[in-house]
Amino acid sequence: MPNYFNKPARKEMLNESDVEQKFAYPLLIADSPAGFGIRPGYIITKANIRRFDIDKGSQKKLYYPDYVVAIAGLPIAVIEAKGPGVALDEAYREARLYAAELNALFSDMNPVSVVCATNGDDFWVGAADVANPAVQLQYEDVAPYSNLMANAQSLLGFATLTDRATVLTKKSSVSRYFKPRRLIGGITVQQEEVGQNSFGATLAAELGHIFNPVTRNDRLRIAREGYVTSPSRERYVAPIDKVIRAATPSWQANSTLIKDTSSPGEIIAPFQSQRELEHRVILLIGEKGAGKTTFLYHLQAVALPDEVRKKTTWVHININDAPVTKSEIYDWVRREIINGIRIAYPTIDFDDFDVIQKIYSVEVNRFYKGIGSLLPPGSSEQNHELYKVLLKCQDDLHTSAVCHTRHFGNERGQTIVVVFDNADKGPRDEQLLMFEVAQWLQQEFRVLVVLPIREETYDNYRDVPPLDTALKDLVFRIEPPVFQQALIKRIQIALDEIANKSERNRTYELSNGFKIKYNETERSYYLASLVGSIFEYDSYARRLILGLAGNNLRRVFEIFVEFCTSGHIGESEILRMRQSKGEYVLPLDVVMTVLLRANRRYYQSDASVIKNICDLEEKDERPTYFSRILILSYLHSNFTEPGPNGVKGYRSLEQILDALSPYGLRFSVIKREIFYLTKANCIIAESLREYDLDESDLFKIGPVGFVHLELLGVAEYWAAIAEDTNFADRAIAKRIADRITLRETQYSHGVSLQNGLALLDYMLQFRERSAVESEAVLSSSRFRQLVNLDDAKDAFDKKSKQLPSGIWYEAQERFLPGTMVDGLIVNVVDTIGLFVEIAPGLTGLLHKSRLMSGAVDPVVHSIGATIRVTVVRIEPGNRRASLSLPMSFKSVKKG
């Protein structure tokens, strides 16, 4: 939408504040040709502009301008506004002095190239390093078709400033980046798959109907045997991770919370009044995958009292198969109602003429009472006309659906309950369309409609059409059950099914082609070990799975099945499971490898449900490693604050740009990364779409995004993403690539520690550089707070201490051959040499043969003395470090 500039009259500008707010700022952001077309997000206001001492001697003072335009994190222009009538000479000079101070903080460039001063009567623009302004406009010249205005736009226009930022970033940009995964071979090698373990794959194939029930019978079985209640009181007693709970919205007072879904008295009560339920819509609100469909099957098969159950006929319509266009959806629903009723009465022959007459009894009786009475009763003529009446009824979808619901409902003393299964899976617009269809069904048919709908959709749109017509006393909410209980219950059903099968032998194939025989019941050991492995490391695997699923039980079960089939669970692990009879627990590093790498040998962000939020796009004008972290952290910090729509947590693209552009993020980068993170489920769009997003959408952080921020404090995460991160330093990328090429040690603790540290140390350097840059411009930079890597440092400190040779693996990465360091002599042995501590707990040997005289000098080489040494090599396996004097290192390497 164009942003026009309405120039205020001179009499409206009475002071400096008026010039700033009514003239200068609107002129800066107005579109060309009326204004300079600068996006508001790129303009830093004086509330957050860093102050500098400018001028000298008695004129020295603390100063900051009204606006600084910063693009790609670089300050490009300085703007100063004064009150009407104030001479601009001094204002323009101060802006230039400020620009010089700002430029001095950038050692390799002078980013501020343009300064501007205005008092409402005059508008001066020029180069920052030239004393006099290049263009001087008077009030009358500030107009769309003024030549002077065009000249000013050539200096201060957004396109010019953007070009200037591009030139600067190209000068300081890296010519090439290196990704370790891409240094190990071609595409085939990089995307090598580990495949599935045949033991788990066979198990998952045969038991898939338990974890992903599709048929009506399977769903009813889960409702009867595997239903897990979600009483709200337990959600605050159980040890649920605060980060996951914080990421899920609380239920609102506009609906009735079902406190105990195993005995849902709140929703059973309306079913007691059978006649009042006809022509009604019940909304069932809950998070995506909270178990709404399973709850409704449980309500139908178990929870309803027998006398109520006998008076209800349930028709389930699977919206997954529905056409989501208004032109097609209504006929599709009519057909599904007819088919659903036929499924509900499997013993009735719907092709039988007597049944057909009963279904269309009203139309048949109307025929006999009307024109049919003119024909001889039972005559061929009367039967032929009746045939045409019935044929017309059957051919008319609407009439046929109405007659089916009437006969099997009211005429039989039943309530037809039409359930829209999976109506909550689609984006917002599809869910709202389903509510419109439910309203139509409510009006046209004597049925009760039950519509599951996402919590976000109802909370965001309950007061606008069409949701504003929903009766509040027929709106219910459920909370998801505790995922551990739900998973264990499904596994118990699977174990029972295995136990009921015969004791026949099976085989699974090893990687070398040999086949191993095992007993049917041994599969239960595998399941027991896997679920034990997940819950053994509560703070890691369980929380990670729950977070990645976003409290979506369907996704929890999908991840578990993927876990079962992973090729990262090798033959040796399966053998231990069998031998221990299910008591063996997978090592944590194996669990994390399965979750992080899926079916790939090398970690690849785009192929994993766990994304690399530290990678950069090398094609950007000014690539940054922190765009995804900044976006997630910013949305996290605003999670409890109301958004433009009044709902907590949501922010627009423009708001995100306003907050993050000072840290170097361009609008195009924010848009691209927001869309990427939304597809990865780290961010939730208000529209609930994951694709086909647009700039008008609102966004908030989701449970998966919370987990990704938490993963910054997990050493194994850093080790994995190190394989798929772009490095400007080829040497670092090559060291990581060399380590992961060795299949035997790729996932070892030592390699994990080294690769993760290599990436973290590299990131810390860039973080410091970016933080200093933002602090040069901003009086209050939040960069360090938003990109907080303290948990990562703590994780590696802990991991290093836990490994027997942890400090030595750490040292091998940080003290590369040739590194010079000042060490402390801690021991002197005349026959051997000097033992020098180069870091706390890390002592190396400077052999006497490498000393200047070839022997220990008791005068110089005394315990407690400091000596500068060069690292020759560090051997973690032997816990040994070899040192030399700096001048002898080259000869030592050659020798």
Side-chain angles (χ1 to χ4, degrees), residues 212-216 218-219 279-286 288-289 292-294 296-297 313-344 350 392-405 408 416-458 460-461 464-467 469-470 552 554-555 558 678-679 681 684-694 697:
N212 182 30
V214 176
T215 67
R216 183 172 182 270
D218 285 338
R219 289 186 179 279
H279 301 296
R280 292 287 185 268
V281 175
I282 287 180
L283 293 184
L284 183 63
I285 313 298
K288 183 180 180 180
K292 297 185 287 296
T293 298
T294 304
L296 290 173
Y297 273 97
T313 297
W314 292 70
V315 175
H316 289 266
I317 299 178
N318 185 2
I319 301 301
N320 280 343
D321 303 325
V324 287
T325 60
K326 289 187 177 182
S327 61
E328 298 178 274
I329 186 66
Y330 293 98
D331 275 351
W332 182 85
V333 169
R334 292 179 178 111
R335 282 191 290 269
E336 289 299 306
I337 288 175
I338 296 170
N339 293 335
I341 289 176
R342 294 188 174 200
I343 291 172
F350 284 84
K392 182 179 179 181
C393 289
Q394 287 184 324
D395 288 344
D396 188 306
L397 264 179
H398 187 77
T399 299
S400 183
V402 168
C403 292
H404 275 76
T405 56
F408 290 97
I416 303 291
V417 183
V418 178
V419 181
F420 282 20
D421 287 338
N422 301 312
D424 64 327
K425 283 187 177 181
R428 171 198 61 199
D429 294 343
E430 291 183 12
Q431 292 185 56
L432 295 178
L433 173 61
M434 287 303 105
F435 184 77
E436 291 182 12
V437 174
Q439 282 183 309
W440 163 79
L441 201 60
Q442 164 196 6
Q443 295 165 3
E444 297 290 329
F445 298 84
R446 297 183 67 171
V447 298
L448 167 66
V449 184
V450 181
L451 179 66
I453 195 169
R454 290 266 288 275
E455 192 167 40
E456 295 96 331
T457 305
Y458 182 72
N460 292 350
Y461 298 96
V464 296
L467 286 181
T469 61
N552 182 337
R554 286 192 295 265
R555 186 64 185 128
E558 288 172 3
T678 302
K679 291 176 184 177
N681 295 311
I684 298 171
E686 185 197 26
S687 65
L688 300 182
R689 293 193 301 264
E690 295 176 7
Y691 299 89
D692 300 323
L693 298 162
D694 57 51
D697 232 320

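Everything numeric in this text was worked out from a predicted model, so none of it was measured.
Remark: D697 engages R689 in a salt bridge, criterion side-chain N to carboxylate O under 4.0 Å.
Here K392 contributes atom NZ and Q394 contributes atom CD; the two are 14.0 Å apart, rounded to the nearest 0.5 Å. With rounding to the nearest 0.5 angstrom, the OG1 atom of T325 is 10.0 Å from the CD atom of E430. In this structure, NE2 on H398 lies 9.5 Å from SG on C403, to the nearest 0.5 angstrom. To the nearest 0.5 angstrom, R216 atom CZ is 12.0 Å from D218 atom CG. Atoms CG and CD, on L284 and E455 in that order, are 11.0 Å from each other to the nearest 0.5 Å. Separating the CZ atom in R454 from the CG atom in L688 is a distance of 4.5 Å, to the nearest 0.5 Å.
Contact check for F445 versus V418: no side-chain heavy atoms found under the 4.5 Å cut-off. The closest side-chain heavy-atom distance from Q443 to H279 is not below 4.5 Å. No side-chain heavy atom of K292 sits under 4.5 Å from any side-chain heavy atom of I453. When side chains are defined from C-beta on, W332 counts as touching I317, because their heavy atoms get closer than 4.5 Å.
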Quick one: side chains of residues 336-344, donor-acceptor pairs under 3.5 Å with protein atoms, not counting sequence neighbours, listed by atom name and distance.
residue	atom	partner	partner atom	Å
N339	ND2	R335	O	3.3

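Of the residues listed (I684, T457, N552), the one engaging K288 in a side-chain contact (heavy atoms from CB on, under 4.5 Å) is N552, and it is the only one.
Checking side-chain atoms of Q431 against main-chain N and O of G426 turns up a donor-acceptor pair under 3.5 Å.
Applying the side-chain contact (heavy atoms from CB on, under 4.5 Å) criterion to D395, with sequence neighbours excluded, gives L391.
Contact between I416 and T405 at its shortest, heavy atoms only, is CG1-O, 3.8 Å. In this structure, L693 and A685 approach most closely via the heavy-atom pair CD2-CB, 3.7 Å. In terms of heavy-atom proximity, N422 sits nearest to R554 at OD1-NH1, 4.1 Å. Closest of all the heavy-atom pairs between A423 and P452 is CB-O, 3.6 Å. When all heavy atoms of L433 and K326 are compared, the pair lying nearest together is CD1-CG, 3.6 Å. Considering every non-hydrogen atom in both R334 and W440, the closest pair reads NH2-CZ2, 3.3 Å.
Using cut-offs of 30° and 60° for the angle between ring planes, the F408 and F350 rings count as tilted. Classified by interplanar angle (parallel below 30°, tilted 30° to 60°, perpendicular above 60°), the ring pair H316/Y297 is parallel.
Residue pairs meeting the salt bridge (charged side-chain N to carboxylate O under 4.0 Å, His left out) criterion with at least one partner in residues 315-324, sequence neighbours excluded, do not occur; the list is empty.
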